[in-house]
Amino acid sequence: MPHILTTDFFNRDTLAVAEELLGKFLVRRNVNGISALKITEVEAYDGHQDRASHAYRGRTARNEIMFGPAGLWYIYFVYGMHEMLNIVTGPEAYPAAVLIRGVEGVNGPGRVTKHLNITRNLNTLSARKESGLWIEDRGIIVSKKEIHKTPRIGISYAGPVWGRKKYRFLITEIKKPAA
DNA sequence: TAAGTGATCTCT
DNA sequence: GAGATCACTTAA
């Protein structure tokens, strides 16, 4: 039986949540039915001191949701064309979230949202069945050996310290034998 | 490698 | 209000 992740899962250390999201399934229900895709790549944005985080300069209308309780979707629009999907983590008033950068067969945060028809109208909603977008544990175990950690992407403004932190987690690509 | 695209934020 | 910037993608 798939187990839907709830607040308890998300209301923990952001790095732990990010790492453990690998291998879980992002499930979307819309007019086309239900699709479930395994999460393969994420990034953590953790706390007000994280210079790469939207919350670094304090609370604004956009990042307000990052200060909210865990388990809410934070979806924003960048570069005039891409919606980014994040799940809020940690306790209320502590600004943190995990960006879902890739799922099985769909690489790149902008492509994930496009593929699953995820837009800002889901922003601030809760990750549960009722919202049409949630995350399930389907029993897949991801070993530490399969997990790669690298610096985050597209955050050169974050400076040498925060820019180099290995807050990006991805499942190692398994090389297929040449056909 | 550079352009596209528009919301958001910072400064006037 | 104006200008710069941006947690990206695609086409060369």
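Every chain is numbered from 1 and lettered A, B, ... according to where its sequence line falls, protein lines coming before strand lines.
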So for atom CZ, which belongs to A:Arg164, do other residues, nucleotides or ligands contribute more than 12 heavy atoms lying within a distance under 6.0 Å? no
Find out whether the Lys NZ or Arg CZ of A:Arg101 is both under 6.0 angstrom from the six-membered ring centre of A:Phe169 and within 45° of the ring's axis. no
Does the structure place the NZ or CZ of A:Arg12 under 6.0 Å from the centre of the six-membered ring of A:Phe9, at an angle of no more than 45° from the ring's axis? yes
Out of [options], which has the shortest distance to the side chain of [X]?
| X | options | result |
| --- | --- | --- |
| A:Ile155 | B:dC9, C:dA7, B:dT10 | C:dA7 |
| A:Met84 | B:dG6, C:dC8, B:dC9 | C:dC8 |
| A:Arg111 | B:dT10, C:dC6, C:dT9 | C:dT9 |
| A:Arg120 | B:dG4, B:dA7, B:dT10 | B:dA7 |
| A:Met81 | B:dC9, C:dA7, B:dT5 | B:dT5 |

Length of the CZ-C1' vector between A:Phe77 and B:dG4, whole Å: 11 Å
A:Trp162 CH2 to C:dA7 C1', in whole Å, measures 15 Å
State whether [X] places a side-chain N or O below 4.0 Å from either non-bridging phosphate oxygen (OP1 or OP2) of [N].
| X | N | answer |
| --- | --- | --- |
| A:Tyr76 | C:dC6 | no |
| A:Arg62 | B:dC9 | yes |
| A:His82 | C:dA7 | no |

Name all stems that contain residues of DNA chain C, defined as runs of 3 or more consecutive Watson-Crick or G-U wobble pairs, both distances under 3.5 Å. B:1-4 with C:8-11, B:6-11 with C:1-6
Does the ring of A:Tyr79 lie flat against the base of B:dG6, closer than 5.5 Å centre to centre with planes under 30°? no
Please report whether the ring centroid of A:His54 lies less than 6.0 Å from that of A:Tyr76. yes
Contact class for A:Arg168 (heavy atom, under 4.0 Å): base, sugar-phosphate, or nothing? nothing
